[in-house]
Novice: 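Just dropping this structure here.
Both ligands and their constituent atoms are indexed starting at 1 by order of listing. Residue numbers start at 1 and run along the sequence shown.
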Amino acid sequence: MKRVMVTGGAGFLGSHLCASLLGNHHEVLCVDNLFTGSRRNIQGLLEHPDFEFMRHDVTFPLYVEVDEIYNLACPASPHHYQFDPVQTTKTSVHGAINMLGLAKRTKARIFQASTSEVYGDPDVSPQSEEYWGHVNPIGPRACYDEGKRCAETLFFDYYRQHGLAIKVARIFNTYGPNMHPNDGRVISNFIVQALRKEPLTVYGDGMQTRSFCYVEDMIRGFMKFMESTKDLTGPVNLGNPETCSMLELAEKILRLTGSRSKIIFKPLPVDDPRQRKPDITLARKCLQWAPRVPLEDGLKETIAYFSRSLDS
Ligand code: NAD
Ligand code: UDP
């Protein structure tokens, strides 16, 4: 049995990861300051004898004994990470330094939840790990994009300088149950709007594209990566290469919810990437991983989740 720490464990992805790790008979220490996460996401885990929750901010040092660390702590939605941009950069950078220091002392393997945002508004499609990105360093998204880029730098310097076993995953848009209903991300927004019979807010002309990966596929990718041989450091893209435009997504969600909400157009946020699509050749080859859940199936599960949680 391994003792595994998940920072950001009460968030959307973290809560699914904690549940899967417990399912694989690991001891789980969930560390979270509950900025965007919630106790509700981990309610079903609190009674588990191998689960422990610790309220802690990763920008401060932490002294615990662990075998593996998944570093997920960081608000992920543009709405939340732009709310307190200085704290977002601190969480990414100071958080990475503290967690890497912990990994060094305990000789733990450490996984970093990096992001497709390191590619910024990409000039190439699909994006492979070799692409260095096209990021505005001073725009409103920079606290997140540059914070995550600096965290990657730190991970690779700890690897080269101290021989740490690092696993850097570049996560593309992921969705599913336990997303925060007000976090402003497109799938949660559209589903909540459709269920509440409010207009669906498409930003810009809705022709920008994203690729959406269902959470179950993503968590399987995290765990395969953590279990892979030590020399596989990444960065490895994890995401679903199937893309759709935001207008197509809105129409799909209207159809799947049976909602008669209208679609309205709002201004495109500054620096909003025009396209995003992962090249997952590396993940397929080195991890034998690829997403299995088609968008419609994942959306149905997510719609069912929001229908239940908005009623309660
Ligand atoms: P989320 O906002 O639901 O979860 C983040 C968690 O981190 C929350 O529980 C929050 O309370 C916690 N947190 C934030 N700052 C903290 C701090 N200083 N100390 C301790 N805890 C802190 O977001 P998510 O979608 O679950 O994302 C998890 C990770 O995956 C993030 O690092 C994010 O950047 C990355 N990621 C997610 C996506 C996605 O589509 N969901 C895409 C790319 C990268
Ligand atoms: N978006 C939208 N309507 C919304 C929320 C988002 O059209 O209510 C668009 C947003 O402009 C972006 C895409 O959906 O082009 C994905 O946004 P999200 O915030 O989910 O994540 P991002 O990929 O931008 O980090």
Novice: Quick one: which ligand 2 atoms are inside 4.0 Å of a heavy atom on Q208?
Specialist: 9 (C), 11 (O), 15 (O)

Novice: Is there a donor in the side chain of N33 and an acceptor in the side chain of R55, or the other way round, less than 3.5 Å apart?
Specialist: no

Novice: Tell me which protein heavy atom sits closest to atom 7 (O) of ligand 2, plus the residue, atom name and distance to 0.1 Å.
Specialist: Y203 N, 2.8 Å

Novice: Going by distance only, is there an N or O of R185 that falls short of 3.5 Å from an N or O of ligand 2?
Specialist: no

Novice: I'd like to check I110 versus K167 (side-chain heavy atoms, cut-off strictly below 4.5 Å). Are they in contact?
Specialist: no

Novice: Would you mind listing which atoms of ligand 2 come within a distance below 4.0 Å of any non-hydrogen atom of E117?
Specialist: 25 (O)

Novice: Side chain, backbone, both or neither: which part of H80 comes within less than 4.0 Å of ligand 1 when only heavy atoms are counted?
Specialist: neither

Novice: Between D121 and R274, does any NZ, NE, NH1 or NH2 come within less than 4.0 Å of an OD or OE carboxylate oxygen?
Specialist: yes

Novice: What do we get for I187 next to ligand 2 when only non-hydrogen atoms under 4.0 Å count, side chain, backbone, both or neither?
Specialist: neither

Novice: Heavy-atom contacts with S114 under 4.0 Å: which atoms of ligand 1 show up? List them by number with element.
Specialist: 44 (C)

Novice: Please determine whether residues F172 and Y131 belong to a single hydrophobic cluster, defined as Ile, Leu, Val, Met, Phe, Trp and Tyr linked transitively by side-chain heavy-atom distances below 4.5 Å.
Specialist: yes

Novice: For ligand 1, which atoms, with element, lie under 4.0 Å from some heavy atom of F35?
Specialist: 11 (O)

Novice: Answer yes when D32 and R39 have at least one side-chain N-carboxylate O distance shorter than 4.0 Å, and no when they do not.
Specialist: no

Novice: Examine the proximity of ligand 2 to H80 and report which part, side chain or backbone, both or neither, has a heavy atom under 4.0 Å away.
Specialist: neither

Novice: Is the contact between Y144 and ligand 1 made by the side chain, the backbone, both, or neither, using heavy atoms and a 4.0 Å cut-off?
Specialist: side chain

Novice: Using a strict cut-off of 4.0 Å, indicate which atoms of ligand 1 neighbour a heavy atom of G37.
Specialist: 8 (C), 9 (O), 10 (C), 11 (O)

Novice: Taking the basic N atoms (NZ, or NE/NH1/NH2) and the acidic carboxylate oxygens, is any pair closer than 4.0 Å for E27 and K2?
Specialist: no

Novice: Answer yes or no: is there an ion pair linking E152 with R149, defined by an N-O contact shorter than 4.0 Å?
Specialist: no

Novice: Please indicate whether Y305 has more than 12 foreign heavy atoms, meaning atoms of other residues, nucleotides or ligands, lying under 6.0 Å from its OH.
Specialist: yes

Novice: What is the minimum heavy-atom distance between E117 and V135, and which atoms define it?
Specialist: O-CG2, 3.9 Å

Novice: What I want to know is whether Q193 and ligand 2 share at least one N or O pair that is separated by under 3.5 angstrom.
Specialist: no

Novice: Below 4.0 angstrom from a heavy atom of P269, which ligand 2 atoms are there? Numbered from 1 as shown, please.
Specialist: 11 (O)

Novice: Check N33 against ligand 1 and report side chain, backbone, both or neither, counting heavy atoms closer than 4.0 Å.
Specialist: both

Novice: Once you measure the plane-to-plane angle for Y175 and F212, does it fall in the parallel (<30°), tilted (30-60°) or perpendicular (>60°) bin?
Specialist: perpendicular

Novice: Using a 6.0 Å cut-off, check whether atom CZ of R160 has over 12 heavy atoms from anything other than its own residue.
Specialist: yes

Novice: Is ligand 1 under 4.0 Å from a heavy atom in the side chain of H180, in the backbone, in both, or in neither?
Specialist: neither

Novice: Taking the side chain as every heavy atom from C-beta outward, state whether Q208 and P273 have any pair of such atoms under 4.5 Å apart.
Specialist: no

Novice: Please confirm whether H79 comes under 4.0 Å of ligand 2, counting heavy atoms of the residue only.
Specialist: no

Novice: Please indicate whether any nitrogen or oxygen in P273 is less than 3.5 Å from any nitrogen or oxygen in ligand 2.
Specialist: no

Novice: With heavy atoms of N173 as the reference, note each atom of ligand 1 found under 4.0 Å away.
Specialist: 40 (O)

Novice: Under 4.0 Å, heavy atoms only, figure out whether ligand 2 is touched by the backbone of K266, its side chain, both or neither.
Specialist: neither

Novice: Nearest heavy atom to atom 3 (N) of ligand 2 wins, so pick from T201, V186, I264.
Specialist: T201

Novice: List ligand 1 atoms under 4.0 Å from H56, heavy atoms only on the residue side.
Specialist: 19 (N), 20 (C)

Novice: Suppose I only count heavy atoms of K148 and a 4.0 Å limit; which atoms of ligand 1 are within that range?
Specialist: 31 (C), 32 (O), 33 (C), 34 (O)

Novice: For ligand 1, which atoms, with element, lie under 4.0 Å from some heavy atom of L34?
Specialist: 11 (O)

Novice: Near G11, which atoms of ligand 1 are under 4.0 Å from a heavy atom of that residue?
Specialist: 3 (O), 4 (O), 8 (C), 9 (O)

Novice: Which atoms of ligand 2 sit under 4.0 Å from any heavy atom of V202?
Specialist: 7 (O)

